[in-house]
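Only one structure is covered here, and it is reproduced in the block below.
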Amino acid sequence: MAEINTPEEKSLNFLEEIIEEDLKSGKYTSIATRFPPEPNGFLHIGHASSICLNFGLTKKYPGYTNLRFDDTNPETEKTDYVESIKADIQWLGFEWKNELYASDYFDQMYQFAVTLIQKGLAYVDDSTSEEIRAMKGTHTEPGKDSPYRTRSIEENLDLFTRMKNGEFPDGSRTLRAKIDMTHTNMLMRDPILYRIKREHHHRTGDKWCIYPMYDMAHGQSDSIEQITHSICTLEFVPHRELYDWLIDKLGIYPSHQYEFARRNINYTVTSKRKLLQLVEDKFVTGWDDPRMPTISGLRRAGYTPESIREFCDRIGIAKRENMIDVSLLEFCVREHLNKIALRRMVVFDPLKVVITNYPADGTVEMVRSEDNPEDPNTTYREIPFTRELYIEREDFMENPPKKFFRLAPGQMVRLKSAYIIQCDEVIKDSNGNITEIRCSYLPESKSGGDSSGIHVKGTLHWVSVAQAISVELRLYDRLFRVEDPTSEEGDFKDYINPNSLQVISTAFAEPALKNIRFSDRCQFLRKGYFCLDKDTSEDKMVFNRTVTLKDTWAKEQKKGR
RNA sequence: UGCCCAAUAGUAUAAUGGUAGUACAACUGAUUUUGGUUCAGUUAGUCUUGGUUCGAAUCCAGGUUGGGCAACCA
């Protein structure tokens, strides 16, 4: 990526400030961060923000970022998810230093637990989960000590070993930290460190029947990897006290946890649980459905890594609750696509136009049009122009309102890269439906050599009937009809946008579209940005709409109504 | 009636005791062979009450509002 070396005027976010201070004071000479996904779902746009943050920090400052799968709950975790997560991070354009797993450290974590027992800081509790909950107290009442809290170190050591050896049934015993049952921070009221769970682990198989809890695993993994800045979301703030307590009592490398606010985006949801529901209940076709806010969904929709990185960069990071306008994401992708997309003409809803003064002998005239007017070195493609064309049905009105710059009886428009035409006659069927428009063209108005002296306000996209190829279009819109489906009454699924997908099975495209590859991005003139979908087959090309073009005319019409 | 975190235009984010700025959105206008792009402009903000100070978005105190915390989830 060619970064322009302008003087750094952009202000630092609060983490960059902390890091610069740490570097300046000599606390660290380089930093280490990690991205710690749990492999139990697909990555979404919120994760992209965290990825850009963690990897971005070590791109900006000396250091590196590890990818560490937080796989301490074998019940929900799968290798499939590991693969999709890796692919998504790479697609976003980031490289991790080491690919690691919390499960790599199970032996060390077990030793840490033993150490705590030996120091009299952990004990085996025989209480049921109901009993533990009951003794935990509430926000306003202190908890009560478990009757097993005073067991001897020897007994705890023996019991914990036997827990590991599989001598006790699932859920019958836990290892708990011995802290303070009256602590104002509920997490410090003797948190559970280890539980018995006979579950096949995606990496360690059946080696273990006890697994560490998040608090016993995360900070310890950070410490083992000597992570300097462990960045997580705000809901982990109360965990920091326990994070620090464990590192302190264990006397291991002091990683530090910092928290930022997770990013929320309107008109969508970003909770793995809800996303999973949308997939399972078939509201979408899969995790990579282009309407999903997952990285794979955005990728399939045609978003570019550059545009997502730009978006994450623009929204920044902070510690306050937020709801980001999805229009910023759309702005970022339009901004990038405008620079790189190949211009093509596709008619979504055809209306036949016959140029009555054009030769009726089957003449095919090739006109030239730029692939991208934004590119000073643009290439060109040839488009066949003939007597019979299709234009967009919405581009013609028999009784147009004021400011309608398109085709209407007696009105003139330019056909992009071709000629100016004038509408002479409207042909209707017996039901009064318009079936054809008869026009005349101005031969001297050809693009590139226009000597007609006539200026028209409207330019239309078009395709030649005989040479048109038919393609399928999938027009995606936002998944929800309300900004925040989670805060509405009832189930969030009640607020799904019923028109989030419109399929046009036969649209008419200029022949050059045939040569489009999967890596290409297109702008269908006046319609939006599109990319080839994986459902494309030998007989039919399928295109997904990434985003529409800004449409001030549509806005104008809405105001009128 | 606990503990923790936060509060700046509609949205997001700067200003780190000294001119409240930027981007998106919205709205005007100019340019345009895409009603796109580009360009120019407009609207719009420090939660509240006190205090410290020559001076407060910033520091302090009280209040208000929003969020998190009582899974053998992460």
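Each chain gets a letter, A, B and so on, in the order the sequences are listed, and its residues count up from 1. What's counted below: heavy atoms across the whole structure, side chains too, no hydrogens, waters or symmetry copies.
For Tyr441(A) and Tyr419(A), the ring centers sit closer than 6.0 Å to each other. Between Phe112(A) and Tyr105(A), the distance separating the two ring centers is not shorter than 6.0 angstrom. Ring pair Tyr194(A)/Phe160(A): centre-to-centre distance below 6.0 Å. If you look at Phe106(A) and His201(A), their ring centroids are closer than 6.0 Å.
Taking 3.5 Å as the limit, the base of U37(B) and the side chain of Arg334(A) contain no donor-acceptor pair of atoms between them. Glu374(A) contributes a side-chain N or O that forms a donor-acceptor pair with the base of G36(B) under 3.5 Å.
Among the protein residues, Met345(A) comes within range of no part of the nucleic acid, since none of its heavy atoms lies under 4.0 Å from any strand.
The phosphate of U37(B) (OP1 or OP2) has no side-chain N or O of Arg526(A) nearer than 4.0 angstrom. Dashed line: the shortest gap from a side-chain N or O of Lys555(A) to OP1 or OP2 of C27(B) is under 4.0 Å. Applying the 4.0 Å criterion to OP1 and OP2 of G36(B), one finds that Arg343(A) has every side-chain N and O outside that range. Taking only side-chain nitrogens and oxygens, Arg320(A) comes nearer than 4.0 Å to OP1 or OP2 of U13(B).
For the C1' atoms, the distance linking A14(B) with U52(B) amounts to 26 Å, nearest Å.
Relative to the ring axis of Tyr110(A), Lys164(A) places its NZ or CZ within 45° and under 6.0 Å from the centre. A cation-pi arrangement, defined by a distance under 6.0 Å to the six-membered ring centre and an angle within 45 degrees of its axis, is absent between Arg151(A) and Tyr123(A). Remark: Arg203(A) is positioned above the aromatic ring of Tyr101(A), its terminal NZ or CZ atom under 6.0 angstrom from the ring centre and at most 45 degrees off the axis.
Across all strands shown, U31(B) has no partner, as no Watson-Crick or G-U wobble contact with both distances under 3.5 Å is found. Nucleotide U1(B) has no partner under the Watson-Crick or G-U criteria, as no pair reaches both atom distances under 3.5 Å. Taking a pair to require two hydrogen-bonding distances under 3.5 Å in either a Watson-Crick or a G-U wobble arrangement, A9(B) remains unpaired. Pairing of U42(B), defined by two Watson-Crick or G-U wobble distances under 3.5 Å, is identified with A26(B).
If you check U34(B), U33(B), G35(B) against the side chain of Gln523(A), the one that comes closest is U34(B). Closest to the side chain of Lys319(A), out of A6(B), A25(B), U34(B), is A6(B). Which of G35(B), A25(B), G2(B) sits closest to the side chain of Phe405(A) comes down to G35(B). Across G36(B), U33(B), G35(B), the shortest atom-to-atom separation from the side chain of Leu549(A) is found for G36(B). Set against G35(B), A25(B), U33(B), the side chain of Phe331(A) has A25(B) as its closest nucleotide. Closest to the Ser11(A) side chain, of the nucleotides U1(B), U33(B), A14(B), is A14(B).
If you find the closest nucleotide of RNA chain B to Gly458(A) and to Leu328(A), the one lying nearer the 5' end belongs to Leu328(A).
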Open item on the list: For nucleotides 66-74 of chain B, give me one character per nucleotide, 5' to 3': B if any protein heavy atom sits under 4.0 Å from the base, S if the only such contacts are to the sugar-phosphate, - if neither.
Closed with: -SSBBSBSB
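Residue Ile192(A) forms a side chain to side chain contact (heavy atoms under 4.5 Å, CB included) with just one option from Leu175(A), Asp125(A), Thr174(A), and that option is Thr174(A).
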